[in-house]
Amino acid sequence: MSYVNQSVQKKDAKALVTGQPVYTDDIAPADCLIVKVLRSPHAHAMIEEIKTDTAKKVPGIACILTYEDVPQERFTMAGQTYPELSPYDRLILDKHLRFVGDAVAIVAGENEKAVDKALKLIKVKYEILEPVLDFHKAKDCEILIHPEENWEAKVPVGADNHRNLCASGVESKGDVEALLKECKYVVEGTYHTKANQQAMMETFRAYTYLDHFGRLNVVASTQVPFHIRRILGRALGIGASKVRVIKPRIGGGFGAKQTSVAEVYPAIVTLKTGKPAKMIFSRYESQICSSPRHEMEVKVRLGADEKGLLRAIDIYTLSNTGAYGEHGPTTVGLSAHKPLGLYRNTQAYRFTYDVVYTNHMSAGAYRGYGATQGIFAVESAIDELAEKIGMNPITFRELNVSREGDAFVGYDGSPVVTSCTLDKCIEKAKEMIGWDKKYPCYETRDGKIRGVGSALAMQGSAIAGVDVGGATIKLGEDASYTLSLGATDMGTGCDTILAQMAADILETKLENIVVFGVDTDISPYDSGSYASATTYVTGMAVADACKELREKIKEIGAEILGVPVQETEFDGQRVYTLDGEREVSKEEIAVKGTCGNNQSLHVTVNRSSKISPPPFMAGMAEVEIDKETGSIEVVDYVAVVDCGTPVNPNLARVQTEGGLAQGIGMALYEDIQYNEKGQMRNNSFMQYKIPCRQDVKKIRVEFAPSYEKSHPFGAKSIGEIVINTPCPAIANAVYNAVGLRIKEMPITPEKIAMGLLENKI
C-alpha cells in the first residue's frame, strides 16, 4: 500500500492554515437576513399573550414569527436514520416553553442592530409553571413536561410522555441476583456524570435561500446533511424533496451537530419572506440552548468468584434528556452495551434504564455517546472490586478482558470479538506509565502525592445493520478521479483518509483524487458522520466503488484493444494484454469515456454492515495531588489504541490526543450547573472551564493494531473511543493516591480537600 497506513497531509490543511473562506459564515451571501430567537427566561411556562406590533415597526425588520405563524407538525431534531428512536416532541415554536432558553419568537432583519432592538420590544405574558429540575423526581411526577396529545414515539422504546419517560427498558441474561449471592466478592456503587458542552470552535450556524426552482437550499455546519433534509421537510411541512442541504467545511462538531439545532430558524424565515437568511449562534446560545452530553447516574453491582473471575454485572442508568428527547433512547443503551462487552467471563448481566424529561436544556449526542458515562461507572467499580479481592487492578483486567474469538457479553454490535489486541494495549500502556514502579502511589520531594490509575474502553464502528456509507467515484477526461462523498468531514480528516483508500485501490497518486463534499442533490446517500461510522462503513463503500470502476476501466480498455476483458489487466496507468504485447493508457481510456462510448466510467456504491467491530483502548493516568489544598494535576496520560489498521497514523494520533483532552476536561473541569430557577450558571467560557494546552500536560499515544477482516484495509473506528478512559482512569488514580473514591464528575480541588477532611485522610 502506498497511502493507507501512511501519515499523509490532510487535503484541506493549507486552506485552513492560510485562513481561506471555507466555513459557513464565510460563504454566506452578504444580503442574508439576520435571524435571532427570543428565548424563554423561565424553565417552565405557557405563553398567554405575545405582542409583536411595536417590534415589527423597527426599520429593517423583515419578519417576526410566533407559534401562531409556523406549522404545528411535531418532529425530532435528532439526526438519526428513519424511523428515529427519538420521540417526535418538537415544534418550531411552541406555546408551551420547557426550559430557560426555549424558543419564543423568531426575528429576522436586514442588520443585527435592528434585530436586537426588535427582540427587546416583543412583549410576552407568561403563565409560569412549576418546573421539574431534579431528574431523580421526574419519573411519574405530577408535573408533565409533554402533556400534549400529538406527542409521538415512532419506535417502541418504553417511552410514555404521561410518565415523563423518553425511554425505559430492561435487558438481561441469566439470573443476576442468584449469581451475585454466589459470588465471594461483590461491590456496588452509584456514579454521577454531569452534562457537558461539546464547545466546538465553530458554533451552530446555517444560511438558507430559494433557488430558481423555488426549492429551499440550506448551507449548514452539520454532521448529518441527509437527515437535516428529512427533518426540515417534515418540520416545515414541505417534504424532503423541496429541500437541498449543502455542507461546507465544519469547524468541529463532536456530536453536537448530529442534532438540527439552528437550521429550522433561517429556513422558516426564507420560506416566509423569499429572502436568504442566516443564523449564527453566539457562544452564549451554544451554552444555554444547544445539545450537551446527557447527565447520567449509573448504579453498578459487580460480583467475582474466589479466582477473581468477573461473573455478574448489574447496571441501572438514569438519564436526563432534558426538555426534549433527542438521542435520549439511543445514548442510554451505550452506557451498558460498551462496558459489558469489555469482559468475557460474565455469566449473567442485567441492564435497566430510564430516560426522563426535565425542564433543563435538551441533551444530545456527544463524542462517546453514553459509553463515556457507563465506562466511568463500571471501570471505577472494577477497581473497587479488584481492591476487595486484593488483586492489582491491572492483573484483574488482564484476567477478565475480552480477547479475539471470544463471545461478546451484552454487546449489540457483534456476536463475537472479530479483532482485538486489548491485552497488548494493556501491556504497552502499563510499560509506558511505569505501572509496576508507581502503583499505587509515591510521594514527591515537595511532599505531594502521585498516584496512577487505569481504565479500559471499547466503542463501535457504525451502528450495525443501520448506518449506511455512500461513495461515488468517476474517471474524468483528464484521467483524474472525482470522489463524491455523503459523509461529512468535521475536522477528522475523513476526506483525506477515504482518498487514501481510493488512491491505493486505483493505484494512482493521492493528488489525483479530487474529493467533493456533501450536497444532498448530487452526493450518494450517507447516514452522516456519527457513531464512528466513516472510516469503517463509508470506507467499505469507497473500496467497493473503486474496485468496480477498475473493472469498467478494464472493459473499455479491452474494447479499445479488441480483446476479451479476461485477457487484460489494469495497473493504475494502463490497460495491457496479459501477454504484454499491447496496451492502452488510462488517459486514452478517459477520453474514450467522453466520446462515442456506451459505458459509464462512474460508479456509486452504498454499504452497510451487519456487525460493528469495536475499537479498544487502555488508558492510564498519573496524577499529582496536594493534600493540603486538594489541587490536582494530570502529569502524565498514556493511551494505547486498537483501531485496526490506522489508515493515517498522524490523524489517528491527533484524534486520540483531542479526545483525551476532552475526557480530561470532563474529569476535572467541565460542570454544567443550574440554579433553583433552572437558569444555567455556566453561560460563557468565563464560567465554563474547558482545558487548555497548559492543563493537559503530557499525553502519550501509541497503537496496537489488529486487523479487522470485515474491512478492506483492516480498519476500525477511532473517533469516539478516545474520550472514554480519562474519567475512570483519573478517578482511580486519585483513589490510589489519597484513598478518596470520587464518584461524581468533575473531580475538583474542593471535592478532594473536603473529602480528605471529612474522611480524616
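The basis for the numbers below is simple: all heavy atoms, side chains too, and nothing from hydrogens, waters or symmetry mates. Count residues from 1 along the sequence.
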(message) Walk me through whether Thr203 and Arg205 qualify under side-chain hydrogen bond (donor to acceptor under 3.5 Å, both in side chains).
(response) CA-CA 6 Å; Thr203 61; Arg205 52 195 61 197; 2.6 Å; yes

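- Put simply, the side chain of Asn683 never gets that close to the backbone of Ile288: no donor and acceptor are under 3.5 Å apart.
- If you check the side chains of Tyr369 and Ser532, you find no donor sitting under 3.5 Å from an acceptor.
- Looking only at atom types and distance, the side chain of Glu202 has a donor-acceptor partner in the side chain of Ser221 under 3.5 Å away.
- For Arg293 and Glu670, the salt-bridge test fails: no basic side-chain N is under 4.0 Å from an acidic carboxylate O.
- A donor-acceptor pair is defined here as one N or O able to donate and one able to accept, closer than 3.5 Å; no such pair exists between the side chain of Asp412 and the backbone of His337.
- Between Val298 and Phe376, every side-chain heavy-atom pair lies at or beyond the 4.5 Å cut-off.
- A heavy-atom distance below 4.5 Å is found between the side chains of Leu340 and Ile315.
- Judged by distance alone, the side chain of Asn606 and the main-chain N or O of Tyr525 form a donor-acceptor pair under 3.5 Å.
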(request) Using the side-chain hydrogen bond (donor to acceptor under 3.5 Å, both in side chains) rule, take Ser609 and Tyr536 through it: C-alpha gap first, then chi angles, then the decisive distance, then the call. (result) CA-CA 9 Å; Ser609 176; Tyr536 183 67; 3.3 Å; yes

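- Within 6.0 Å of atom NZ in Lys689, more than 12 heavy atoms from other residues, nucleotides or ligands are found, so the atom counts as buried in its surroundings.
- Between the side chain of Tyr411 and the backbone N or O of Ser612, at least one donor-acceptor pair lies under 3.5 Å.
- The closest donor-acceptor contact from the side chain of Arg367 to the backbone of Gly719 lies under 3.5 Å.
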(request) Let me see the working for Arg244 and Asp519 under side-chain contact (heavy atoms from CB on, under 4.5 Å), right down to the final yes or no. (result) CA-CA 7 Å; Arg244 176 189 185 190; Asp519 180 333; 2.5 Å; yes

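- The pair Arg234-Glu73 meets the salt-bridge criterion, with a side-chain N (NZ, NE, NH1 or NH2) lying under 4.0 Å from an Asp/Glu carboxylate O.
- From Asp489, atom CG reaches atom CZ of Arg249 across 5.5 Å, with rounding to the nearest 0.5 Å.
- Residue Ile145 forms a side chain to side chain contact (heavy atoms under 4.5 Å, CB included) with just one option from Asn359, Val356, Asn161, and that option is Asn359.
- Rounded to the nearest 0.5 angstrom, Phe135 CZ and His294 NE2 are separated by 11.5 Å.
- Although no hydrogens or angles enter the test, the distance criterion places no donor-acceptor pair under 3.5 Å between the side chain of Thr321 and the main chain of Tyr357.
- In this structure a side-chain-to-backbone donor-acceptor pair under 3.5 Å is present from Gln197 to Ser286.
- Annotation: side chain of Ile375 is in contact with side chain of Pro339 (closest heavy-atom distance under 4.5 Å).
- Proximity of Ile723 to Phe254: side-chain heavy atoms (C-beta onward) are nowhere separated by under 4.5 Å.
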(request) Take Thr535 and Met501 through the test side-chain contact (heavy atoms from CB on, under 4.5 Å) and record every step on the way to the result. (result) CA-CA 10 Å; Thr535 298; Met501 296 182 194; 3.8 Å; yes

(request) Could you please spell out the steps behind the side-chain hydrogen bond (donor to acceptor under 3.5 Å, both in side chains) verdict for Gln459 and Ser717? (result) CA-CA 8 Å; Gln459 193 72 36; Ser717 72; over 6 Å; no

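- In this structure, Tyr324 has its ring center closer than 6.0 angstrom to the ring center of His146.
- Here the shortest heavy-atom pairing between Asp89 and Gly325 reads OD2-N, 2.8 Å.
- Atom-to-atom distance recorded for His327:NE2 and Ser319:OG is 12.5 Å, nearest 0.5 angstrom.
- In this structure, the side chain of Glu171 does not engage the main chain of Phe351 through any donor-acceptor pair within 3.5 Å.
- Ion pairing between Glu720 and Lys338 fails under the 4.0 Å rule for side-chain N and carboxylate O.
- The shortest heavy-atom contact between Gly368 and Asn724 is CA-OD1, 3.8 Å.
- Lys10 and Gly493 get closest at one heavy-atom pair: CE-CA, 3.9 Å.
- Residues Val542 and Leu483 form a side-chain contact, since some pair of their non-hydrogen atoms from C-beta on lies under 4.5 Å apart.
- Between the side chains of Ser362 and Glu326, at least one donor N or O lies within less than 3.5 Å of an accepting N or O.
- Checked for salt-bridge contact, Arg215 and Asp521 meet the test: a charged N lies under 4.0 Å from a carboxylate O.
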(message) Would Glu295 and His360 count as a side-chain hydrogen bond (donor to acceptor under 3.5 Å, both in side chains) here? Give the steps.
(response) CA-CA 10 Å; Glu295 177 186 20; His360 286 160; 4.8 Å; no

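- Between atom CE of residue Met666 and atom CG of residue Asn196 there is a gap of 4.5 Å, rounded to the nearest 0.5 Å.
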(request) Report the C-alpha distance between Ser529 and Thr492 in whole Å, list the side-chain angles of each, state the deciding distance to 0.1 Å, and finish with yes or no for side-chain contact (heavy atoms from CB on, under 4.5 Å). (result) CA-CA 10 Å; Ser529 293; Thr492 57; over 6 Å; no

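- With respect to Arg681 and Asp671, no salt bridge is recorded, no charged nitrogen being found less than 4.0 Å from a carboxylate O.
- Legend: residues meeting ring pair (Phe, Tyr, Trp, His ring centres under 6.0 Å) with Phe685, ordered by chain and number and at least two apart, are absent.
- Arg98 places a side-chain N or O within 3.5 Å of a backbone atom of His96 that can act as its donor or acceptor partner.
- Of the inter-residue distances, the one linking Arg283 atom CZ with Met201 atom CE reads 8.5 Å to the nearest 0.5 angstrom.
- The aromatic rings of Phe713 and His711 sit tilted, their planes meeting at an angle between 30° and 60°.
- With contacts defined as side-chain heavy-atom distances shorter than 4.5 Å, the pair Leu456/Phe616 does not qualify.
- Among residues two or more places apart in sequence or in another chain, the side chain to side chain donor-acceptor pair (under 3.5 Å) test is passed with Tyr530 by His227.
- Atoms CG and OG1, on Leu334 and Thr372 in that order, are 9.0 Å from each other to the nearest 0.5 Å.
- Shortest non-hydrogen contact noted between Ile92 and Ala103 is O-CB, 4.4 Å.
- The two residues Pro728 and Glu379 have their closest heavy-atom pair at CB-CB, 3.6 Å.
- For Ser335 against Thr317, the heavy-atom pair with the smallest separation is OG-OG1, 3.0 Å.
- Side-chain polar atoms of Thr538 and Asp526 form a donor-acceptor pair below 3.5 angstrom.
- In terms of modelled atom types and a separation under 3.5 Å, the side chain of Thr488 and the main chain of Gln223 share a donor-acceptor contact.
- Annotation: side chain of Met361 is in contact with side chain of Ser290 (closest heavy-atom distance under 4.5 Å).
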(request) Starting from the C-alpha separation in whole Å, work towards a yes-or-no answer on side-chain contact (heavy atoms from CB on, under 4.5 Å) for Lys257 and Lys247. (result) CA-CA 12 Å; Lys257 294 171 183 176; Lys247 177 212 73 78; over 6 Å; no

